[in-house]
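Residue numbers begin at 1 in each chain, while the letters A, B, ... track the order of the sequences. No experiment lies behind these values; they were computed from the predicted model shown.
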Amino acid sequence: MHITGWLFDLYPWQSRLVLWFITPEGEKWRVEDDFPYRIYLQGNPARLRRLGQAWESRGWVRRTYPASRLGLEGRELPVLALELRGYNHLPRLRAWLGNQKDLACYNCDLDPAAYYLYTKKVWPCAWYDLEVKDGRLLAAVPREEQFALDFSLPPLTTLSLGLAQDPLIPLGAGNTITLGWEGRTLTLEAPDPGSLVAEVAHRLKRSDPDLILSDWGDEKIIPLLWLWSQRHKVPLPLDREAGPVSREFARGRSYFSYGRIVYQGASAPCYGRWHLDRRNSFFFREAGLKGLIQAARIGQLPLQQVARASPGTLITSMQLARAVADGILIPWRKGEPERFKTAGDLLRIDKGGLVFMPPVGVHFQVAEVDFASMYPTIMTIHNISPETVNCSCCAGERVPEADYRICRRREGLVPRTLRPILLLRERLKARARRSGPEEAAQYGARQTALKWMLVTCFGYLGYKNARFGRIEAHEAVTAYGRDKLLTAKEVCEAAGFTVLHGLTDCLWIKKVGINEAELEGLCREISAATGVKLALEGIYRWIVFPASRQDPKRPVATRYFGVFQDGALKVRGLACRRRDTPPFVRQAQEALLTRLAAAATPEALAALQPELENLAADFRQRLREGRFTPQDLVITRVLSQPPEDYRVDTPTALAARQLQRAGLHLLPGEKVRYVHKEAKGPKETRIQAVPFAATLDDYDTGLYLKLLNRAIDEVLLPLSEYKSSR
DNA sequence: TGCCAGTAAAG
DNA sequence: CTGCCTACTGGCA
């Protein structure tokens, strides 16, 4: 039977893969496909033969055969292929293989669903011509391009799921569930856990939604509902899969990424249905459902996995897909943590992006020009990949200021992976510019999803334990980057511009009579000279580079604010950009900046001063009169370590311990929210953690005044100094 | 005053 | 998919 279907969900089920398709009319199809998981081993032939026989006799594999596959460097390797019987043996086999020496293992730690997608060269969230017989998938032929600029969705029905109160208040102990469908919302008021489950179950059965879109579903709602459903024997139809589904709920994990700790909550996916928790999804937060779908298509991972994945997982998945499609063996990444870098390593490696320090103060006639996707473009045009650095096949291209060569003969895995992403992102950005606001937002969300994958790809090159990482490749990229920014600076100066500031891939340049036409020409010239597209970000009416607070004569690299000719503000590094700034301080600073954006000339800027002072005074007044609510005063910080490890009683540590005493155990990377109270007693009494801060008699006016003044000064001080210097 | 622990930004 | 660098603050010796 032939049908047209959109690949919605897939997962391993016993010894087969289950795929769910949705037709244009909204019909759901569940089909199974036979997919033997194939691993490859390399080693002594006699030993491999014995091993194959042993595994066959134990019933772990259904077939073994000698084969020849490519290594990452492009050489043919003789290997033994083993086709596993089902997926349940995988953890045991991995444990066994982990103990073997003199045995190279390939393709043994892939996710079965992802491995299926890579091998069959198909991807989720796309339309296929299907041939189906007796519930089995015989063929799936894509009806579209994987990297298509436009894609369509089948009709999807949604049920929203949330909490009525703060997520730290447990369900059944002061908190309850909200449901939303077809524009209606309902707050459940069940008398006991069993009836609460029954009410959710009733709605699920009635709506049979394709998508459960939740807030806090992954860690707070689904695990508890599932537990209650089992305990009180009330069925909860979370899945479309008819068989018995086993669920295990653990806590999430904390891990480091780019020098900061991140918490990823545990996941509660459904089978044959999507459950997306927007509070536990990086991609949803950054790029919405459209971005998630875009990421699932090119990352070739089931959408529910993408929702909980980091950009690193996505870019790695793309590299794995590329490798499988190209017939390249995938080395096993065993979980050894990276060794700490020695001091010598640090000296050698830690030359990142180039920085030119700006002159402190207010500036006019300034433009900003940015290299587009600089590092990923460098990797692509200079063919930088772990296996192309210091290759043995050719003399290669010399890397500037570094003693490395890059292969000229074979294109690396990383450039092959990045090229189509870069191309699609450019096309999405161009299309967004030519679309109306609604469409532009959709294209924008999709290009944002790609941006994060590109950024992370560079980061991963520098991580020794990344599957396709190599520190020399990372250094080569930054070396080319510095070279290109330097070239850009020289071309600007030759054209009579003064370079005020430079930061990795951006330059702020100044010239009397600055104009767009000349800048466009300049950008074209630099793009041609460097091979990376340099684009005009905009001409500023004015821009401020504030002084360091520690030394008022010294500039800082990463703080500035200004207004473009079209009136748009650009603010970086100020209090309002920090996540630990209380909302009322953010509002105050943003109000000042918004007012400033109106000033087009140096005279107008100076004239605004009194009005801004009044605005600031008004906020101070409101604070002193106690007119802000606890929500306005909440400070949000990320827990950097387990609460008991803090050596200093910072507000973060105190708040976390307060929560701990209430039975709420936070892990590193999770957010802590608190308010400073007006209290004279011991430290612990001076802060109040959310959600226990809803009612508050008094707050620490002095402390908040200090924060407010700091944010006001950040904006007003540079201006008053400018005014007095005129 | 200097030092340490802790926290966060921009690219 | 497991530790950029730099600026800054608050507390303590």
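- For the residue pair A/Tyr704 and A/Arg620, no side-chain donor N or O sits within less than 3.5 Å of a side-chain acceptor on the partner.
- Applying the 4.0 Å criterion to OP1 and OP2 of B/dT7, one finds that A/Tyr646 has a side-chain N or O inside that range.
- The two atoms that bring A/Val306 and A/Ala295 nearest to each other are CG1-CB, 3.7 Å, heavy atoms only.
- Between A/Thr316 and the phosphate of C/dC1, there is no side-chain N or O to OP1/OP2 separation shorter than 4.0 Å.
- Across the protein-nucleic acid pair, A/Glu714 atom CD and B/dA9 atom P stand 12 Å apart, rounded to whole Å.
- C/dG11 and B/dC3 make up a base pair, with Watson-Crick or G-U wobble contacts both under 3.5 Å.
- Checked against C/dC12, C/dC8, B/dG11, the side chain of A/Ser548 finds its nearest nucleotide in C/dC8.
- Using bins of under 30°, 30° to 60° and over 60° for the plane-to-plane angle, the ring pair A/His501/A/Trp508 lands in the parallel bin.
- Nearest to the side chain of A/Arg549, among B/dT7, B/dA8, C/dC8, sits C/dC8.
- Between the C1' atom of C/dG10 and the NE2 atom of A/His676 lies a distance of 11 Å, rounded to the nearest Å.
- Between A/Thr380 and A/Thr377, the side chains place no donor N or O within less than 3.5 Å of an acceptor N or O (distance only, hydrogens not considered).
- Among C/dA7, C/dC1, B/dT7, the nucleotide with an atom closest to any side-chain atom of A/Arg554 is C/dA7.
- Distances shown here put a side-chain N or O of A/Tyr460 below 4.0 Å from the OP1 or OP2 atom of C/dT2.
- The side chain of A/Gln550 contributes an N or O atom lying less than 4.0 Å from OP1 or OP2 of C/dC8.
- When distances are taken from the side chain of A/Ser640 to each of C/dC1, B/dT7, B/dA8, the shortest belongs to B/dT7.
- The side chain of A/Val648 sits closest to B/dG6 out of B/dG6, B/dA10, B/dA8.
- Side-chain proximity of A/Val638 to B/dA8, B/dG11, C/dT2: nearest is B/dA8.
- Of the candidates A/Trp452, A/Tyr375, A/Phe468, A/Tyr375 is the only one forming a ring pair (Phe, Tyr, Trp, His ring centres under 6.0 Å) with A/Phe458.
- Listed pair A/Arg253 / C/dT2 fails the phosphate criterion, with no side-chain N or O lying under 4.0 Å from OP1 or OP2.
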Verdict with supporting geometry, A/Tyr674 and A/Arg686, side-chain hydrogen bond (donor to acceptor under 3.5 Å, both in side chains): CA-CA 10 Å; A/Tyr674 59 86; A/Arg686 290 185 222 163; over 6 Å; no

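- With hydrogens and angles ignored, a donor-acceptor pair closer than 3.5 Å exists between the side chain of A/Thr558 and the base of B/dA9.
- Contact check, A/Arg579 against B/dT7: no side-chain N or O comes under 4.0 Å of OP1 or OP2.
- Relative to the side chain of A/Arg559, the nucleotides B/dA8, C/dA7, B/dT7 differ in distance, and C/dA7 lies closest.
- Dashed line: the shortest gap from a side-chain N or O of A/Arg710 to OP1 or OP2 of C/dT9 is under 4.0 Å.
- Nucleic acid contact for A/Tyr375: none, since no nucleic acid atom lies under 4.0 Å from a heavy atom of the residue.
- Nucleotides C/dG3 and B/dA8 are separated by 16 Å at their C1' atoms, to the nearest Å.
- Phosphate proximity of C/dC4 to A/Arg260: absent, as no side-chain N or O sits under 4.0 Å from OP1 or OP2.
- Nearest heavy atoms, A/Asp649 versus A/Lys683: OD2-NZ, 3.7 Å.
- The side chain of A/Ser257 lies closest to C/dT2, out of B/dG11, C/dT2, B/dA8.
- As judged by a 4.0 angstrom heavy-atom cut-off over every strand, A/Ser254 is placed among residues making no nucleic acid contact.
- Among the heavy atoms of the strands, none lies under 4.0 Å from A/Gly312.
- For A/Thr313, whose side chain is taken as the heavy atoms from C-beta onward, the closest listed nucleotide among B/dA8, C/dC1, B/dG11 is C/dC1.
- Per the geometry, NZ belonging to A/Lys570 stands 14 Å off C1' belonging to B/dA9, to the nearest Å.
- The separation between A/Lys451 atom NZ and B/dG11 atom C1' is 10 Å, rounded to whole Å.
- Looking at heavy-atom distances under 4.0 Å, A/Phe371 makes no contact with the nucleic acid at all.
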